[in-house]
There are 2 protein chains.
Amino acid sequence: MVTMQDVARRAGVTKQTVSNVVTGRIAVRPVTAARVRAAIDELGYVPNLVARSLATGSTRTVGLFVPTVGTAFYADLVEEAEDALDEHGHHLLLCTTRQNGDRARRHLAGLTSRSVDALLIAGDQDLSDHLPLLSEARFPVALCAWEADAPEQFPMVTVDYEEGGHLAGRHLRDLGHEHVAILASPAHTRRVEGFRRAFAETGRPLPDNAVHLAHEPSYHGGFDAAGTALAATPGVTALFATHDVLAVGALEAARVAGRSVPDDLSVVAYDDCPAGPSSRPALTSVVLPRRRMAREAVALLLDAAGGEEPLPRHRMLPPELVVRNSTGRARPGHAAPR
Amino acid sequence: MVTMQDVARRAGVTKQTVSNVVTGRIAVRPVTAARVRAAIDELGYVPNLVARSLATGSTRTVGLFVPTVGTAFYADLVEEAEDALDEHGHHLLLCTTRQNGDRARRHLAGLTSRSVDALLIAGDQDLSDHLPLLSEARFPVALCAWEADAPEQFPMVTVDYEEGGHLAGRHLRDLGHEHVAILASPAHTRRVEGFRRAFAETGRPLPDNAVHLAHEPSYHGGFDAAGTALAATPGVTALFATHDVLAVGALEAARVAGRSVPDDLSVVAYDDCPAGPSSRPALTSVVLPRRRMAREAVALLLDAAGGEEPLPRHRMLPPELVVRNSTGRARPGHAAPR
DNA sequence: CTGAAAGCGCTTACAG
DNA sequence: CTGAAAGCGCTTACAG
């Protein structure tokens with residue numbers, strides 16, 4: 001391995017000067033700098049970042065916790081975070097927590113001993129119980145894609161999940177739907193709240209039993225929940241699924257039940273995934289600015305790593321409703337009498 | 001930050017002894033060890049891995065290059081690699097190359113200066129042109145999920161892509177299909193070769209124009225290619241898509257063309273993705289042992305990082321055909337005369 | 001089994 | 001603008 005010392009010798013200077021031209025921290029006379037650079041090229045010198053890290057305390061590496069990388073949402077988030085990090089010369093240490101508390105804990109220890117500059121935690125599904133542990137982290141921590149109650153102590157950029165639900169509800173309401181069912185994953189309380197609000201604010205709140213919990217966040221979970229919902233209340237004219245995969249299952253359940261979408265039944269989804277636009281019919285869905293969120297979260301994190309107090313500490317990005325072909329006007333004939 | 005020296009002072013020993021109990025490299029008298037461990041707990045000492053890395057030369061960190069993390073195949077591969085790495089106390093530096101040669105190159109430099117122990121490159125889509133660069137890597141490199149010609153110099157574990165195509169072809173052939181079309185991504189040459197072989201070996205090779213290239217590896221790419229294929233040769237009774245997403249698009253194209261699957265048309269896919277089992281009808285598909293592949297690749301890589309020569313250097317895992325509901329017997333009525 | 005010394009490759013004040 | 005010295009927190013022979 002060729003070292004800074006080797007370059008110095010070759011260029012006829014001291015290694016301190018080499019360090020100066022490499023880091024650019026202190027200006028070096030142009031002729032000298034050129035000689036040093038030539039020596040670097042000739043020798044193929046590559047700075048040893050672990051030595052630099054030991055001296056400076058910074059590794060230019062950040063950790064990223066995500067529940068999984070197997071959904072379009074988190075896959076996009078990871079890729080965008082990586083891009084943003086790359087632009088700042090940082091690298092990414094990935095940990096997919098996958099509902100495994102021990103792994104998360106072990107990784108946290110690993111990140112600590114590796115002296116990462118900061119840690120970004122995306123998604124609150126797995127980490128809620130580890131929050132106390134995080135207060136002891138020796139590096140800045142930031143949160144993103146957080147749907148549950150946000151711990152005040154960490155900077156965060158997230159999405160207005162509740163407003164997303166509200167958009168979905170208002171859309172259905174404006175289309176004249178009165179009898180609707182909700183297919184929800186247990187963690188999606190905000191989305192459900194927002195959806196309910198859309199109906200409550202016109203004086204027609206949804207009944208408690210409008211919600212049907214999916215036993216798993218998958219096609220089958222959606223299929224089963226939709227089947228139950230349709231059987232329980234035949235008068236239902238619209239379905240709100242708190243996640244796209246649930247909606248795809250719901251589409252099939254509708255077909256099995258002899259309901260045609262959107263004529264006999266409207267379906268609105270949440271968290272746009274690739275299957276959404278390409279399913280039949282294409283799903284109307286709440287879409288979250290996940291890439292933008294990842295990018296802003298990284299900026300926040302890097303600010304914190306640089307010792308700056310990020311302001312504002314908590315950002316909330318707005319969702320959007322993309323109307324496609326799975327929703328239409330309520331057809332009175334199908335609504336059960338109140 | 002509490003250091004080894006602090007622990008030593010507290011325990012009344014020298015830091016060398018602390019090092020010995022932490023690493024376990026040299027045995028320490030039980031009473032002493034206990035005293036040291038107590039001091040570690042009291043002080044909350046965490047070993048500084050970057051200092052250790054500088055001294056030992058090993059970072060217990062490996063790099064992973066994947067084309068993307070946005071498909072089920074690579075998402076699973078990443079998660080499994082992470083698990084396998086975790087079991088060996090290693091961490092994962094992720095780089096999704098996304099057809100961006102500059103990023104890959106920049107990351108390679110980053111990994112070099114960070115002194116990773118090794119690099120795993122999954123997928124040959126983006127890296128083929130960077131191979132020469134890799135020979136200069138200062139750490140072991142291993143390959144996996146490699147469909148193109150394998151560079152001999154690197155250890156590798158991959159899947160028999162050709163045999164996967166052959167399985168698909170034999171399945172269709174055995175079902176009596178004679179007039180088939182192939183919807184392919186340009187890079188999937190092995191899959192196509194294997195598929196052709198299944199027909200050639202019975203003396204009825206497929207015509208050159210049986211292949212229809214998808215303009216992009218997506219639902220739309222599959223939809224368009226299938227539309228073209230069906231229009232070009234109305235006598236076709238079966239479609240082979242070299243990727244699941246293409247097959248999902250093909251399913252819709254079949255519907256538009258008034259062909260019902262599997263009665264009027266059989267469709268077989270490749271590279272099982274979640275949409276496969278849940279599409280209508282569920283897709284018959286070639287499935288690759290991606291998790292097993294990731295795991296074996298990590299084992300290979302860690303062997304190499306440990307200085308061992310991995311044997312065998314090249315492993316090829318067998319694919320499987322999962323028969324679901326998108327394939328059935330050829331119905332003579334639909335086949336055009338030869 | 002324990003202790004004193006040198007070294008890993010860099011950066012950071014501090015004199016010149 | 002350049003050079004000599006100390007230090008980042010560990011590990012690794014090497015004596016005792």
Side-chain angles (χ1 to χ4, degrees), chain A residues 1-37 39-40 43-61 89 109-117 138-139, chain B residues 1-37 39-40 43-61 89 109-117 138-139:
Chain A
M1 164 182 249
V2 25
T3 153
M4 205 166 238
Q5 186 61 261
D6 300 331
V7 175
R9 204 150 24 219
R10 175 86 166 218
V13 297
T14 174
K15 69 177 179 184
Q16 139 78 326
T17 303
V18 176
S19 173
N20 285 154
V21 350
V22 169
T23 63
R25 209 177 64 92
I26 291 182
V28 172
R29 189 151 41 110
V31 255
T32 318
R35 225 170 51 232
V36 169
R37 260 185 275 275
I40 286 177
L43 265 30
Y45 168 72
V46 175
N48 181 329
L49 227 58
V50 356
R52 177 184 296 177
S53 294
L54 182 58
T56 63
S58 158
T59 53
R60 299 189 80 75
T61 299
L111 296 180
T112 303
S113 50
R114 275 174 184 76
S115 310
V116 294
D117 288 351
R138 309 193 179 171
F139 36 74
Chain B
M1 164 182 252
V2 24
T3 154
M4 206 166 237
Q5 187 60 263
D6 300 331
V7 176
R9 205 151 22 220
R10 176 84 167 219
V13 297
T14 173
K15 70 178 179 185
Q16 138 78 324
T17 302
V18 176
S19 174
N20 284 155
V21 350
V22 169
T23 63
R25 210 177 64 93
I26 292 184
V28 173
R29 188 148 44 110
V31 255
T32 317
R35 225 172 48 234
V36 168
R37 260 185 275 275
I40 286 177
L43 265 29
Y45 168 72
V46 175
N48 181 330
L49 228 58
V50 357
R52 177 184 296 177
S53 295
L54 183 58
T56 63
S58 157
T59 53
R60 299 190 79 75
T61 299
L111 296 180
T112 302
S113 50
R114 275 173 184 78
S115 310
V116 294
D117 288 352
R138 309 191 179 172
F139 36 74

Participant: Compute whether any side-chain donor of one residue and acceptor of the other, for B/Arg114 and A/Thr61, lie under 3.5 angstrom apart.
Facilitator: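 Distance-only check passes for B/Arg114 and A/Thr61.
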
Participant: Work out which heavy atom in A/Asp117 is nearest to a heavy atom in A/Gly57; give both atom names and the distance.
Facilitator: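 Nearest pair, atom of A/Asp117 first, then A/Gly57: OD1-O, 4.3 Å.
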
Participant: Looking at D/dT2, I'd like to know if its phosphate oxygens (OP1 or OP2) sit under 4.0 Å from a side-chain N or O belonging to A/Thr32.
Facilitator: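 Answer yes for this pair, as a side-chain N or O of A/Thr32 is under 4.0 Å from OP1 or OP2.
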
Participant: Just wondering, do A/Ile40 and A/Val22 contact through their side chains at under 4.5 Å, heavy atoms?
Facilitator: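 Side-chain contact under 4.5 Å: yes.
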
Participant: Starting at the 5' end of nucleotides 11-16 of chain D, put B wherever the base has a protein heavy atom under 4.0 Å, S where only the sugar-phosphate does, and a dash everywhere else.
Facilitator: BBB---

Participant: Using only atom types and a distance under 3.5 Å, with no angle test, would you say the side chain of A/Arg10 pairs donor to acceptor with the backbone of A/Ala39?
Facilitator: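 A pair under 3.5 Å: no.
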
Participant: Choose from D/dC1, C/dC1, D/dC10 the nucleotide whose nearest atom is closest to any side-chain atom of B/Asn48.
Facilitator: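 Minimum distance to the B/Asn48 side chain belongs to D/dC10.
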
Participant: Calculate the interatomic distance between B/Asp6 atom CG and D/dC10 atom C1'; express it in whole Å.
Facilitator: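 From B/Asp6 CG to D/dC10 C1': 13 Å.
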
Participant: Evaluate the side-chain proximity of B/Val46 to A/Arg138: yes if any heavy-atom separation is below 4.5 Å, no if none is.
Facilitator: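 Touching, per the 4.5 Å side-chain cut-off.
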
Participant: Quick one: is D/dC8 close enough that its OP1 or OP2 comes under 4.0 Å of any side-chain N or O from A/Ser53?
Facilitator: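 Result: no.
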
Participant: Looking at side-chain heavy atoms only, is the closest gap between A/Lys15 and A/Val7 below 4.5 Å?
Facilitator: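 The answer is no, as the side chains (C-beta and beyond) never meet within the 4.5 Å cut-off.
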
Participant: Quickly work out the B/Met1 CE to D/dG7 C1' distance and round it to whole Å.
Facilitator: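 In whole Å, D/dG7 C1' and B/Met1 CE are 14 Å from each other.
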
Participant: Nearest whole Å is fine: how far is D/dG7 C1' from B/Leu54 CG?
Facilitator: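 Distance check: B/Leu54 CG to D/dG7 C1' gives 12 Å.
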
Participant: Take the protein atom CG of A/Leu49 and the nucleotide atom C1' of D/dC8, then report the distance between them rounded to whole Å.
Facilitator: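 The distance from CG of A/Leu49 to C1' of D/dC8 comes to 14 Å, rounded to the nearest Å.
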
Participant: So what does B/Thr14 touch, heavy atoms closer than 4.0 Å: a base, only the sugar-phosphate, or nothing?
Facilitator: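 Base, at least one base atom sits under 4.0 Å.
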
Participant: Answer yes or no: is there a side-chain heavy-atom contact under 4.5 Å between A/Val36 and A/Val28?
Facilitator: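 Of all side-chain heavy-atom pairs linking A/Val28 with A/Val36, none is under 4.5 Å.
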
Participant: Any non-hydrogen side-chain atom of A/Pro47 less than 4.5 Å from a side-chain atom of A/Arg52?
Facilitator: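 Yes, at least one pair of side-chain atoms sits under 4.5 Å.
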
Participant: How about B/Asn48 and B/Met1: do any of their side-chain heavy atoms sit closer than 4.5 Å?
Facilitator: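 Counting from C-beta outward, B/Asn48 and B/Met1 do come under 4.5 Å.
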
Participant: Where does DNA chain D form stems of at least three consecutive Watson-Crick or G-U wobble pairs, each pair having both distances below 3.5 Å?
Facilitator: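 Stems for DNA chain D, defined as runs of 3 or more consecutive pairs: C:1-3 with D:14-16, C:5-12 with D:5-12, C:14-16 with D:1-3.
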
Participant: Taking the side chain of B/Arg29 as heavy atoms from C-beta outward, which of D/dC10, C/dT2, D/dT2 is closest to it?
Facilitator: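 Looking only at side-chain atoms, B/Arg29 lies closest to C/dT2.
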
